[in-house]
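Have a look at the structure below, then the notes.
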Amino acid sequence: MADNAAVLREWYRVHSRDLPWRKTKDPYKVWISEVILQQTRVIQGTPYYHRFLKTFPDVKSLASATVEKVLGVWEGLGYYRRALHLHEAARQVVEQHGGKFPVHYKDLIRLKGIGDYTAAAIASLCGGEAVPAIDGNVRRFLCRLYQLSLNPASASDNQYLKKIAVGFLQHHDPGTLNQALIEFGALQCTPGLPDCQMCPFQAECLACQNGVVELLPVRPGRIKPKTRYFTYILYVWRENGIPFVLIRQRATKDIWAKMYDFPLIESTEGFTSAEYGTKPDSGIPEPEPATVRQWMSETYIHQLTHQRIEARFLMKQLSAAPALVPQGCFKINLMEFRGLAKPRLISRFLDNAGWDLR
DNA sequence: AAGACGTGGGA
DNA sequence: TTCCCAAGTCT
């Protein structure tokens, strides 16, 4: 084959973006950037990269932080499990590597939240290891270049793709080559409407020659999002004129693991304020003291990749703090709650209807 | 091995 | 409005 690696290096020399995490070979910083960029656009992740490193400049500061603090910095980025894994992996590094962040694939792959791609990226960028870092960009480029209808769920297909990528890493700086492969997929060999006229591989690209660029790589079938109906119950009261609410920390299995929101009734259908309490599964008992007045918010539609949440907020204003706090809930002053990590849905509600709570 | 896990942006 | 995502990992 023509020297694709050389073509790619030259393309990268000319076209690579000046991204903040490319200025360093510190594996800690590269790790943070790689995790932030998982399933996340550069434009969306960049402010978080700066904020995260400012808050946690090194692995030890991250390891010694509380999980609440880590989640708080991550608030708004999504896929919050990443923040939990980051925290856990930092502790692993302190305990198992004396706080020195590893740069070898075999060590990296053992860390929580670091999979095949991220381990290879850090190992090649920071350790010079010749391991292929195949992300969505690289997969797209290679599948098109060689017209491969690989099954993304097939382990053997992915092994095959790795062998092809390794071919690009021979005799050169593997970190730079991996970066170049990724950048090429991100900027030139884009998912939709790539500008193949401008592509240095135009003559060699099998997908381009055969007019199947748009069909590759093969995408897994998409599942239609399921609708869930949330009715949040907001117990609101005042202490010395300051508004308080009842909140709770979410479980680890469902969406928004370990983040904070309000007591919640989930139903198979939405129900109205009037229906609240009349349906069998509208659980939470009437508080003591009794509700002074209550009203229902408008419906908030929260569209996610795999689910659509229709949420409403039933405000129940109490004359004083509830005598009995439901299991798992606790009282908090509304201002303090603003400082806790919460899903976007809750932030939106607070920004929007927060006035009602005063 | 398939499904879950978020968000904001663009077509 | 609705759909498709964007530098994956975990279970």
Side-chain angles (χ1 to χ4, degrees), chain A residues 12 16-17 19-22 30-49 71 74-86 88-89 108-122 124-125 132-142 151-158 161 165 175 178-193 214 217 219-228 250-259 261 300-309 311 341-348:
Chain A
Y12 184 69
S16 69
R17 291 168 292 182
L19 300 172
W21 43 89
R22 296 213 174 124
V30 171
W31 171 51
I32 300 302
S33 76
E34 290 297 343
V35 173
I36 285 177
L37 262 19
Q38 288 169 5
Q39 301 289 284
T40 305
R41 289 184 163 81
V42 167
I43 186 70
Q44 190 183 359
T46 301
Y48 284 85
Y49 174 76
L71 267 178
W74 207 264
E75 179 178 325
L77 232 204
Y79 282 154
Y80 299 102
R81 211 65 57 92
R82 292 181 292 177
L84 303 180
H85 290 334
L86 234 31
E88 193 175 333
L108 291 160
I109 195 68
R110 303 178 61 88
L111 298 176
K112 198 73 179 175
I114 294 188
D116 191 40
Y117 161 74
T118 304
I122 300 172
S124 67
L125 260 37
I134 303 186
D135 69 348
N137 293 309
V138 179
R139 157 178 283 274
R140 186 169 57 248
F141 170 47
L142 295 180
N151 174 3
S154 159
S156 59
D157 279 12
N158 289 327
L161 195 59
N178 275 332
Q179 283 284 329
L181 282 165
I182 294 167
E183 190 80 334
F184 189 82
L187 298 184
Q188 173 62 46
C189 198
T190 53
L193 303 174
E214 290 294 320
R219 289 280 176 201
R222 196 156 279 273
I223 314 118
K224 195 182 165 96
K226 287 166 187 160
T227 300
R228 299 171 70 177
R250 293 183 60 82
T252 49
K253 318 96 189 170
D254 199 3
I255 191 174
W256 302 323
K258 301 194 87 163
M259 301 187 82
D261 63 2
Y300 286 71
I301 308 292
H302 197 69
Q303 187 68 51
L304 304 168
T305 302
H306 296 299
Q307 52 186 284
R308 169 194 159 91
I309 295 171
K342 64 193 85 56
R344 262 297 196 253
L345 169 63
I346 303 299
S347 300
R348 273 204 295 145

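Below, chain A is the first sequence line, B the second, and so on; all start at residue 1. Keep in mind that this is a model prediction, so the values were computed, not measured.
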Just the rounded figure in Å: distance from [atom2] of [N] to [atom1] of [X].
X	N	atom1	atom2	value
A:Arg139	C:dT9	CZ	P	13 Å
A:Asp254	B:dG3	CG	P	17 Å
A:Tyr48	B:dG8	OH	C1'	10 Å
A:Lys342	B:dT7	NZ	C1'	16 Å
A:Asp116	C:dG8	CG	P	12 Å
A:Trp31	C:dG8	CH2	P	17 Å
A:Gln303	B:dG9	CD	C1'	14 Å
A:Ile36	B:dT7	CD1	P	16 Å

Fill in: Atom C1', compared across B:dA1 and C:dA6: separation rounded to whole Å
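Comparing C1' positions in B:dA1 and C:dA6 gives a spacing of 23 Å.
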Worksheet entry | Rounded distance in Å between the P positions of B:dG6 and C:dT11 |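 Those two atoms are separated by 14 Å.
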Practice prompt. Test for a donor-acceptor pair under 3.5 Å between the base of C:dG8 and the side chain of A:Thr118, counting only N and O atoms.
Written response: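 When only heavy-atom distances are counted, A:Thr118 does not reach the base of C:dG8 through any donor-acceptor pair under 3.5 Å.
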Looking at every strand, decide which applies to [X] at a 4.0 Å heavy-atom threshold: base, sugar-phosphate, or nothing.
X	result
A:Arg110	nothing
A:Ile255	sugar-phosphate
A:Gln307	sugar-phosphate
A:Arg348	nothing
A:Arg228	nothing
A:Trp21	base
A:Val138	nothing

Discussion item. Counting C-beta onward and ignoring hydrogens, is there a side-chain heavy-atom pair between A:Pro152 and A:Arg139 closer than 4.5 Å?
Written reply: yes
Worksheet entry | Side chain of A:Arg41 (C-beta onward), nearest among B:dG6, C:dA6, B:dA4 |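 From the listed options, C:dA6 comes nearest.
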Fill in: Nucleotide nearest A:Gln38 when distance is taken to its side chain, options C:dT9, C:dA6, B:dA4
C:dT9
Within less than 4.0 Å of OP1 or OP2 of [N], is there a side-chain N or O belonging to [X]?
X	N	answer
A:Lys112	C:dT11	yes
A:His85	C:dG8	no
A:Gln44	B:dT7	no
A:Trp256	B:dA4	no

Worksheet item: Which residues in residues 75-84 of chain A have at least one heavy atom lying under 4.0 Å from any atom of DNA chain B?
Response: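 Heavy-atom cutoff 4.0 Å gives A:Gly76, A:Leu77, A:Gly78, A:Tyr79, A:Tyr80, A:Arg81.
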Fill in: Comparing A:Ala155 and A:Leu304 on DNA chain B - which has the more 5′ nearest nucleotide
A:Ala155
Item to complete: On DNA chain B, check which nucleotide each of A:Gln39 and A:Ser154 is closest to and give me the residue with the more 5' one.
Response: A:Ser154
Item to complete: Give a yes-or-no answer on whether the side chains of A:Gln179 and A:Ser16 include a donor-acceptor pair shorter than 3.5 Å.
Response: no
Worksheet item: Do the side-chain N and O atoms of A:Tyr117 and A:Glu34 include a donor-acceptor pair separated by under 3.5 angstrom?
Response: yes
Fill in: Of A:Pro220 and A:Leu111, the one whose closest DNA chain C nucleotide lies more 5'
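In this pair, the answer is A:Pro220.
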Worksheet item: Relative to the 5' end of DNA chain C, which residue comes earlier, A:Gly113 or A:Leu19, by the nucleotide with the nearest heavy atom?
Response: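 Here A:Leu19 is the residue nearer the 5' end.
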Item to complete: Sequence neighbours left out, what passes ring pair (Phe, Tyr, Trp, His ring centres under 6.0 Å) with A:His85? Give chain and number order.
Response: none
Fill in: Those residues that, when tested against A:Tyr49, pass ring pair (Phe, Tyr, Trp, His ring centres under 6.0 Å) (two or more places apart)
A:Trp21
Worksheet item: Do A:Glu183 side-chain atoms and A:Tyr12 backbone N/O form a donor-acceptor pair below 3.5 Å?
Response: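 No, A:Glu183 side chain to A:Tyr12 backbone: no donor-acceptor pair under 3.5 Å.
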Could you tell me which residues satisfy salt bridge (Lys or Arg N to Asp or Glu O under 4.0 Å) with [X], sequence neighbours excluded, listed by chain and number?
X	result
A:Arg82	none
A:Arg110	none
A:Asp116	A:Lys162

